[in-house]
J.: 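Please find one structure pasted underneath; my questions will follow.
All values below come from the heavy atoms of this structure, side chains included, with hydrogens, waters and symmetry mates left out.
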Amino acid sequence: MDVRQTIDAVEQWLRTFVLSEWTFYQFGIIAVGYLAASFLASRTEPALESKARRIKGNPDLLRVIIAFMRRLKWLFLAIWLWLANVALTQTTWPSRRWLVSTALTLTAAWFIISVLTKIIRNPTLSRLVAIFSWSYVALYALRLDVPVLSALDGLAVNLGAVRLSLLLVLKAVVLAVTLIWVAVLVGNVLSHWVQRSGDLSPSIKVLISKFIKIGLIIIAGAIALSTTGIDLTALTVFSGAVGVGIGFGLQKVVSNFISGIIILLDKSIKPGDTITLGDTFGSIRDLRSRFVSVITRDGKEYLIPNEDFISQQVVNWSFSSDYVRIDVDFGTAYDSDPHEVVSIAIATASTVDRVANHYKAPVCWLTCFGASSLDFRLRFWISDPANGLTNVRGQVLMALWDAFKQAGISIPFPHREIIMKTPVEIRQTRED
């Protein structure tokens with residue numbers, strides 16, 4: 001076909017499809033449907049969305065439903081175009097409804113894609129996936145997919161026996177991202193199912209969840225590479241060389257990953273345990289592949305590498321039992337009866353709510369004849385160290401203060417006596 005024949009074919013296509021009066025009729029049908037759908041959606045969306053927001057306990061489902069409600073305009077337009085396409089199919093030639101048919105495909109595709117991509121929580125990523133998916137559907141609907149794919153396949157380089165084209169790279173990336181995303185989604189669903197099991201310990205639940213997620217991600221990556229036609233054996237030498245460099249760079253990451261598995265297997269810590277590591281005191285919130293999330297009493301969340309729990313000394317306040325003993329030191333004046341002080345201290349500690357009297361009764365001992373006071377040590381047990389230690393000490397000390405004040409027992413402060421070996425004469429002068 002020469003240039004003249006191509007120009008004639010284009011002119012014939014313009015006269016038949018673009019400049020035809022049926023094209024303007026179809027534009028009118030689409031415009032009327034768009035205005036009607038916009039008006040109908042503005043009347044129905046607010047009421048339906050307010051009802052949908054009553055759904056509790058499933059944020060992912062709520063996000064998809066809200067996205068569905070906010071795109072009713074495209075649903076109404078797709079219904080209108082479908083009815084118009086059916087009517088035109090019964091009354092006229094296919095060439096006189098191509099614009100309505102194409103608009104129906106693009107509208108329905110945008111509605112479905114824009115709703116389903118709301119499962120992705122990242123707004124930017126969700127928008128990019130929606131635009132990319134709809135663009136491919138648009139190329140397919142306009143019958144431009146084959147030329148575009150051929151052009152992308154033509155942009156290729158040869159790496160030995162492997163032909164690497166831009167189309168192959170895009171297929172591998174899209175398929176890998178899709179499969180890995182599905183694997184993570186399925187892994188989260190299975191993890192929630194495992195977490196609801198009452199027969200497994202918290203550490204085993206976390207371990208099983210991590211193995212499920214990692215296994216699904218590895219399977220998804222392998223399927224993506226094999227599906228796109230990439231020969232994995234051809235990449236053996238390359239992956240081996242790169243793997244050595246990555247191994248040196250990621251040795252800490254691998255160390256923390258292995259340490260995390262060891263922690264889960266030996267059950268030394270688990271979510272909910274109260275621990276002390278160095279200067280950090282708090283409860284374990286989550287166990288991750290690389291770190292342990294520890295939240296303190298002041299709301300700070302520390303992300304501590306798993307390796308630290310293997311190589312450093314860790315105090316697990318609730319490893320084998322939730323009960324923890326607390327000591328409170330205090331002193332009274334020398335003129336107080338130590339037997340009475342001990343009785344009052346034990347009785348007072350027993351009145352504090354968090355003191356576990358049912359486990360072990362509080363005890364109090366005279367520990368030292370101090371320089372200014374009789375020194376005592378009060379010991380009691382609590383069963384909820386995650387709720388804090390300083391606050392319960394403060395409650396016991398306040399109760400002791402009130403009890404001693406009521407009993408007339410004083411808490412002394414240090415006194416100092418100065419003895420002059422040489423007499424000092426004090427004179428008072430009088431000013432006139």
J.: May I ask you to decide if the ring planes of Trp381 and Tyr359 are parallel, tilted or perpendicular, using 30° and 60° as cut-offs?
T.: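 Correct class here is perpendicular.
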J.: Would one find more than 12 heavy atoms of other residues, nucleotides or ligands at under 6.0 Å from atom CH2 of Trp82?
T.: no
J.: Donor-acceptor pairs are to be reported for all side-chain atoms of residues 388-408 against protein atoms at under 3.5 Å, with residues two or more places apart or in another chain.
T.:
{"residue": "Asn391", "atom": "OD1", "partner": "Arg354", "partner atom": "NH1", "Å": "2.9"}
{"residue": "Asn391", "atom": "ND2", "partner": "Asn387", "partner atom": "O", "Å": "2.9"}

J.: Should Ile304 and Phe291 be marked as a side-chain contact (heavy atoms from CB on, under 4.5 Å) after you check the CA-CA gap, both sets of side-chain angles, and the distance that decides it?
T.: CA-CA 5 Å; Ile304 304 175; Phe291 60 86; 5.9 Å; no
J.: If you take all heavy atoms of Ile411 and Gly331, which pair is closest and at what distance?
T.: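 Heavy atoms only, the tightest pair is CG2-O, 3.5 Å.
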J.: Specify the closest pair of heavy atoms between Ala349 and Leu378, including all atoms of both residues, with the distance to one decimal.
T.: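 Reported closest heavy-atom pair: CB-CD2, 3.8 Å.
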J.: Taking everything shown except Trp110 itself, do over 12 heavy atoms lie less than 6.0 Å from its CH2?
T.: yes
J.: Once salt bridge (Lys or Arg N to Asp or Glu O under 4.0 Å) is applied, do any residues pair with Asp322, and if so which ones, sequence neighbours excluded?
T.: none
J.: So, for Ala84 and Val100, which heavy atoms are closest and what is the spacing to 0.1 Å?
T.: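 Smallest heavy-atom distance, with atoms named: CB-CG1, 4.2 Å.
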J.: Counting distance only, does the side-chain N/O of Thr351 pair as donor-acceptor with the main-chain N or O of Thr348 below 3.5 Å?
T.: yes
J.: Glu301: which residues meet the salt bridge (Lys or Arg N to Asp or Glu O under 4.0 Å) condition with it, sequence neighbours left out?
T.: Arg285
J.: So do Asp286 and Pro271 actually touch side chain to side chain, heavy atoms under 4.5 Å?
T.: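 Answer no - side chains too far apart.
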J.: Verify, without hydrogens or angle tests, whether Thr107 (side chain) and Leu104 (backbone) share a donor-acceptor contact under 3.5 angstrom.
T.: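 Judged by distance alone, no pair lies under 3.5 Å.
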J.: Looking only at heavy atoms, what is the nearest atom pair of Val342 and Cys364, with distance?
T.: CG1-O, 3.6 Å
J.: Do Trp80 and Tyr34 come within less than 4.5 Å of each other through their side chains, counting heavy atoms only?
T.: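 No, every pair of side-chain atoms sits at 4.5 Å or beyond.
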J.: Would the distance check show the side chain of Thr367 and the main-chain N or O of Asp375 forming a donor-acceptor pair, the cut-off being under 3.5 Å?
T.: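 The answer is yes, because a donor-acceptor pair under 3.5 Å joins these two groups.
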J.: What pairs with Phe281 under ring-ring contact (aromatic ring centres under 6.0 Å, His included), at least two apart in sequence or on another chain?
T.: Trp317
J.: To the nearest 0.5 Å, what is the distance between OH (Tyr302) and OG (Ser293)?
T.: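 The OG atom of Ser293 is 12.0 Å from OH of Tyr302, to the nearest 0.5 Å.
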J.: Can you list every pair that meets salt bridge (charged side-chain N to carboxylate O under 4.0 Å, His left out) and has a residue in residues 328-339, with sequence neighbours left out?
T.: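 Residue pairs with at least one partner in residues 328-339: Asp329-Arg377.
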J.: Go through the steps for Phe111 and Val115 under the test side-chain contact (heavy atoms from CB on, under 4.5 Å), then give the verdict.
T.: CA-CA 6 Å; Phe111 172 74; Val115 171; 4.1 Å; yes
J.: Under 4.5 Å between any side-chain heavy atoms of Val355 and Pro362, yes or no?
T.: yes
J.: Keeping to residues at least two apart or across chains, list the salt bridge (charged side-chain N to carboxylate O under 4.0 Å, His left out) pairs with something in residues 26-43.
T.: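 Residue pairs with at least one partner in residues 26-43: there are none.
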J.: Can you confirm whether Leu72 sits close enough to Leu75 that some side-chain heavy atom of one is under 4.5 Å from a side-chain heavy atom of the other?
T.: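 Answer yes - side chains close enough.
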J.: Would one find more than 12 heavy atoms of other residues, nucleotides or ligands at under 6.0 Å from atom CD of Gln313?
T.: no
